[in-house]
There are 2 protein chains.
Amino acid sequence: MPPERHDRDSVVRTALHLLDEVGLPDLSMRRLAAELDVQPSALYWHFSSKQELLASVADRILSPVPEPAPGIPLPAVAGAIRDALLSYRDGAEVVLSTYALRLGAHRAQDALLAALPQDDRSAADALFEFILGHTMLLQQRMHAQSIGAVTADAADPTEHSDRVFDAGVRAFDVLSAQGRPS
Amino acid sequence: MPPERHDRDSVVRTALHLLDEVGLPDLSMRRLAAELDVQPSALYWHFSSKQELLASVADRILSPVPEPAPGIPLPAVAGAIRDALLSYRDGAEVVLSTYALRLGAHRAQDALLAALPQDDRSAADALFEFILGHTMLLQQRMHAQSIGAVTADAADPTEHSDRVFDAGVRAFDVLSAQGRPS
DNA sequence: ACCTGAACACCGTTCAAGT
DNA sequence: ACCTGAACACCGTTCAAGT
């Protein structure tokens, strides 16, 4: 049998799997090529650069976020985005670091926009930025803890994290929660 | 005259200057060593790793943030943190990526905490996470634009960015702004 | 259409040894 | 106390050439 051939999709899927296994710092083009049983240069037939590859990876990480639809509560949408980012190691960092390059794939922001009471794009963008910053920090703390490094909080970090996340989402949700003051 | 000697402080200052000049992706230990007229291995007498060096750089980036004090309006504190991050190229990414390692230097969060009406540490942390996510995204867009890449917004990104930042800060500030409905 | 082989210009880090 | 020299095990990317 001839050696396997690949397309953009299979490369991205393998990259995603490798990301989850070794983390972003160790996700190299050479290592990915080895995983695909291919020379490193072969990757450059499918993608013009590592950045472009990572942008596709980022899109795929966010792809499970439900489509924009009115009626979904804001915390549900925010939680779905956070869960998508958390479902791969260093997921938030990958999305944050390739965000500027990705033209489409603003589905996540649009989903937040649809969940907000007013048509407030600034608030939707700000909430998305909060989710990204929050989740990147959380994933870093998770990694630092696994390395055995001393983290700021002695206690389990995920519990405190959940409270902080709720506080952030609630800040953006007051607009819809209030509306009729007493 | 003998070649110059260095200590942690002078290394960090040079690193900060080099960061601003070339950006985080090109801030290598080898390049920093060359800037200091020193062999790369010399840096490992002062810092045990690049990560540890970057953590010191991150602390220095945030050092202009005013000390925690009651009475300062929340938007002023938030703006000061954003300005500190923006004053060096890729400043937000440096802080975000070393955050988990830095034990002290929670001055920024404490300043936010002091500016909040209640003693709400979760809200302070969430707001800090928003500022970091927001500023990292902004700095990336700035870089993508300087490279000539096509960004999502056709128009000037900083104007939209200011509105998004204000929307985020306001979300956390409603608690203090409301209080007396109507 | 998809990949190999070889090369170029880099990385972070360690460690014995020097002054 | 601070640094050199040399080495180790890596990087991303390009490009001619193969099938």
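None of these values were measured; they are calculated from a predicted model. Quick note on labels: first sequence line is chain A, next is B, and so on, each numbered from 1.
Considering only side-chain atoms of A/R31, the nucleotide from D/dC11, D/dT13, D/dT4 that sits closest is D/dC11. When the nucleotides C/dC3, D/dT14, C/dC11 are ranked by their closest atom to the side chain of A/V38, C/dC3 comes out on top. Looking at the side chain of A/S28, the nearest of the listed nucleotides D/dC11, C/dT13, D/dC3 is D/dC11.
Nearer the 5' end of DNA chain C, as judged by each residue's closest nucleotide, is the contact made by A/A42, out of A/R30 and A/A42. Nearer the 5' end of DNA chain C, as judged by each residue's closest nucleotide, is the contact made by B/M29, out of B/M29 and B/R5.
The phosphate of C/dC2 has neither OP1 nor OP2 within less than 4.0 Å of any side-chain N or O from A/H46. Between B/H6 and the phosphate of D/dC2, there is no side-chain N or O to OP1/OP2 separation shorter than 4.0 Å.
For the C1' atoms, the distance from D/dC8 to C/dC11 is 12 Å, rounded to whole Å. For the P atoms, the distance from D/dC2 to C/dA17 is 22 Å, rounded to whole Å.
One can place CG of A/L32 at 11 Å from P of D/dC11, the figure rounded to the nearest angstrom. Computed from coordinates, the B/E4 CD to D/dC2 C1' distance equals 13 Å when rounded to whole Å. Taking atom CD on B/E52 and atom C1' on C/dG12, their separation rounds to 14 Å, with Å as the unit. Here the P atom of nucleotide C/dC15 and the CG atom of B/L43 are 17 Å apart, to the nearest Å. C/dC15 atom P lies 13 Å from atom OH of B/Y44, rounded to whole Å. To the nearest angstrom, P of D/dT19 lies 18 Å from CH2 of A/W45. Counting to the nearest Å, the C1' atom of C/dA1 and the CD atom of A/Q39 are 18 Å from each other. For the pair A/L53 CG and D/dT13 C1', the interatomic distance rounds to 14 Å; values are reported in whole Å.
Inspection of the A/S63 and A/R107 side chains reveals no N or O donor paired with an N or O acceptor under 3.5 Å. With hydrogens and angles left out, the side-chain atoms of A/S97 and A/E93 include no donor and acceptor closer than 3.5 Å. If you check the side chains of B/S10 and B/R5, you find no donor sitting under 3.5 Å from an acceptor.
Hydrophobic cluster membership for B/M142: B/L86, B/L138 (Ile, Leu, Val, Met, Phe, Trp, Tyr linked by side-chain heavy atoms under 4.5 Å, directly or transitively).
Between B/Y99 and B/H106, the angle of the ring planes stays under 30°, which puts this pair in the parallel group of the 30/60° scheme.
Across all strands, A/S41 comes closer than 4.0 Å to base atoms (heavy-atom distances).
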Its dot-bracket string being built from Watson-Crick and G-U pairs below 3.5 Å, with | for another strand and [ ] for crossing, DNA chain C has the pattern ||.|||||...|||||.||
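Between the side chain of B/R60 and the backbone N or O of B/L16 there is no donor-acceptor pair closer than 3.5 Å. Side chain of A/Q139 to main chain of A/G91: a donor-acceptor pair is present (N/O by atom type, distance under 3.5 Å, no hydrogens or angles).
Checking A/H160, A/R163, A/H134 one by one against B/D125, the side-chain hydrogen bond (donor to acceptor under 3.5 Å, both in side chains) holds for a single residue, A/H160.
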